[in-house]
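Here, residue 1 is the first one in the sequence, and each next residue gets the next number. All figures in this text were calculated on a predicted structure; none of them were measured in a lab.
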Amino acid sequence: MIKPGTRQMLFTVIACLITAAAVLWIGERKQKKIAVVDAIKLFNNYKMKKELEARSAGRLEYVAHVADSLKKELTAKSQMKDVPKAELETLYRTFSQAQAGLEQEYQQSNQSINEQVWKRLNTLIDEYGKAKGYRLIIGANGMGSVLYNDDYYDQTQALTDFVNKKYEEGN
């Protein structure tokens, strides 16, 4: 049999424990960490993106040079009076194909770079969020998803530093 004073003390201790647990639970729920990241700055400042662009620049410059040379030749020959019309038409078709090839090469290069970079960034953003205890990371991109944020929540530079460090480490 439990003594009446002991029973009251036991109820008091249990009530205090339940109250403390509720306060801690509510406090934890209120401390949801939120970060806002300028997605465009993050993307543009990511070293992997810059390196991929530098690698593809040589090929794009070559294709652009070929198209530019054909354009100069077409312009020069079109001003000459003794150049056959068939030759000009052939040169124009070749130039048009080179120009279309340049545009296609540029689009494919950009698409490939974007896919590779975002695939890597998404993994690193998840890792960063978990490591820093964030419950939510919002990407601001100037397109209306985040209209305003206080600098307090802006983690763009910290996340950029994190992803670049991971990239340099080979992760």
Side-chain angles (χ1 to χ4, degrees), residues 14 16-75 93-171:
I14 291 173
C16 286
L17 288 173
I18 291 172
T19 303
V23 168
L24 288 174
W25 182 78
I26 290 170
E28 176 66 25
R29 301 287 290 167
K30 286 183 179 179
Q31 293 182 5
K32 294 180 182 177
K33 288 178 70 174
I34 298 172
V36 177
V37 174
D38 185 325
I40 295 170
K41 282 183 187 175
L42 175 65
F43 180 80
N44 288 333
N45 291 322
Y46 187 34
K47 290 180 181 179
M48 178 182 174
K49 177 199 175 259
K50 293 176 182 181
E51 287 182 14
L52 290 173
E53 285 178 336
R55 283 187 217 152
S56 69
R59 172 75 180 140
L60 291 173
E61 287 172 7
Y62 172 75
V63 175
H65 177 70
V66 169
D68 191 46
S69 296
L70 288 168
K71 181 179 180 182
K72 287 178 183 176
E73 183 180 356
L74 180 62
T75 302
R93 274 194 304 276
T94 305
F95 165 69
S96 294
Q97 290 170 348
Q99 190 70 26
L102 172 63
E103 290 173 13
Q104 183 179 10
E105 185 83 25
Y106 181 77
Q107 288 174 351
Q108 287 175 344
S109 175
N110 274 348
Q111 182 178 356
S112 175
I113 290 170
N114 288 346
E115 287 172 0
Q116 289 177 63
V117 169
W118 279 114
K119 182 178 179 183
R120 184 71 179 123
L121 277 176
N122 286 333
T123 302
L124 291 171
I125 291 167
D126 286 349
E127 182 180 333
Y128 177 82
K130 289 174 185 172
K132 299 293 184 180
Y134 286 106
R135 301 276 191 157
L136 178 66
I137 297 178
I138 301 169
N141 62 8
M143 306 287 269
S145 58
V146 175
L147 300 177
Y148 171 79
N149 70 286
D150 188 302
D151 287 342
Y152 174 81
Y153 292 106
D154 189 355
Q155 294 294 308
T156 304
Q157 189 59 51
L159 183 55
T160 301
D161 294 344
F162 177 83
V163 299
N164 283 330
K165 181 181 177 197
K166 289 289 188 176
Y167 180 69
E168 289 171 354
E169 292 172 352
N171 294 323

A.B. asks: State, with a plain yes or no, whether a side-chain heavy atom of N44 is found less than 4.5 Å away from one of K49.
C.D. replies: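 When only atoms from C-beta onward are counted, K49 and N44 do touch, with a gap below 4.5 Å.
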A.B. asks: List the steps, then state whether side-chain hydrogen bond (donor to acceptor under 3.5 Å, both in side chains) holds for E103 with Q107.
C.D. replies: CA-CA 6 Å; E103 290 173 13; Q107 288 174 351; 5.8 Å; no
A.B. asks: How long is the gap from CD1 on I125 to CG on L42, to the nearest 0.5 Å?
C.D. replies: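 The CD1 atom of I125 sits 5.5 Å away from the CG atom of L42.
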A.B. asks: State, with a plain yes or no, whether a side-chain heavy atom of V163 is found less than 4.5 Å away from one of M48.
C.D. replies: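 No, every pair of side-chain atoms sits at 4.5 Å or beyond.
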A.B. asks: Ignoring hydrogens, what is the shortest heavy-atom contact between A98 and V63? Give both atom names and the distance.
C.D. replies: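 Minimum heavy-atom separation between A98 and V63: O-CG1, 4.3 Å.
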A.B. asks: Decide yes or no for F95 and V66: does some side-chain heavy atom of the first lie under 4.5 Å from some side-chain heavy atom of the second?
C.D. replies: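 Sidechains of V66 and F95: no contact.
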A.B. asks: Below 4.5 Å, heavy atoms only, C-beta onward: do L60 and E105 meet side chain to side chain?
C.D. replies: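 In short, these two side chains touch, coming nearer than 4.5 Å.
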A.B. asks: How many angstroms lie between CD in E53 and OG in S109, if you round to the nearest 0.5 Å?
C.D. replies: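 Result: 8.0 Å between the selected atoms.
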A.B. asks: Give a yes or no on whether a salt bridge exists between D68 and K72, defined as a side-chain N under 4.0 angstrom from a carboxylate O.
C.D. replies: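 Salt bridge: yes.
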A.B. asks: Only one of E115, Q116, Q108 clears side-chain hydrogen bond (donor to acceptor under 3.5 Å, both in side chains) with S112; which?
C.D. replies: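 Exactly one candidate clears the test, Q116.
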A.B. asks: Hey, what do you get for CD1 (I137) to NZ (K130), rounding to the nearest 0.5 Å?
C.D. replies: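 Here the interatomic distance stands at 10.5 Å.
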A.B. asks: Can you see which heavy atom on Q99 is nearest to which on A67, and at what distance?
C.D. replies: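 In terms of heavy atoms, the two residues are closest at OE1-CB, 3.9 Å.
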A.B. asks: Which atoms form the tightest heavy-atom contact between A35 and Q155, and what is the distance?
C.D. replies: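 Closest pair (atom of A35, atom of Q155, distance): CB-CG, 3.5 Å.
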A.B. asks: Step through the shown structure and confirm whether more than 12 heavy atoms of other residues, nucleotides or ligands are within 6.0 Å of OH on Y106.
C.D. replies: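 Open.
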A.B. asks: How many angstroms lie between atom NZ of K71 and atom OG1 of T94, to the nearest 0.5 angstrom?
C.D. replies: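 Reported value, rounded in 0.5 Å steps: 16.0 Å.
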A.B. asks: Could you check whether E51 pairs with K47 (Lys NZ or Arg NE/NH1/NH2 to Asp/Glu carboxylate O, under 4.0 Å)?
C.D. replies: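 No, E51 and K47 are not salt-bridged.
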A.B. asks: Please round to the nearest 0.5 Å and tell me the distance separating atom CD of E127 and atom OG1 of T123.
C.D. replies: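 If we round to the nearest 0.5 Å, E127:CD and T123:OG1 are 9.0 Å apart.
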A.B. asks: Starting at CG of N45, measure out to CD1 of I40 and round the result to the nearest 0.5 Å.
C.D. replies: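 Rounded to the nearest 0.5 Å, the CG-CD1 separation comes out at 11.5 Å.
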A.B. asks: Could you tell me whether the side chain of T160 and the main chain of T156 form a donor-acceptor pair under 3.5 Å?
C.D. replies: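 Checked: pair present.
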A.B. asks: I'd like to know whether E168 forms a side-chain hydrogen bond (donor to acceptor under 3.5 Å, both in side chains) with N164, so could you lay out the CA-CA distance, the side-chain angles of the two residues, the decisive distance to 0.1 Å, and finally the verdict.
C.D. replies: CA-CA 6 Å; E168 289 171 354; N164 283 330; over 6 Å; no
A.B. asks: Parallel, tilted or perpendicular: which one describes the rings of Y128 and Y134, with boundaries at 30° and 60°?
C.D. replies: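 Correct class here is parallel.
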A.B. asks: What verdict does the side-chain contact (heavy atoms from CB on, under 4.5 Å) test give for K41 and Q157, after you've listed the backbone C-alpha separation in whole Å, the side-chain angles of each residue and the deciding distance to 0.1 Å?
C.D. replies: CA-CA 9 Å; K41 282 183 187 175; Q157 189 59 51; over 6 Å; no
A.B. asks: State whether the side chain of N122 and the backbone N or O of V117 hold a donor-acceptor pair below 3.5 Å, judged by distance alone.
C.D. replies: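 No, the answer is negative, given that no donor and acceptor are paired below the 3.5 Å cut-off.
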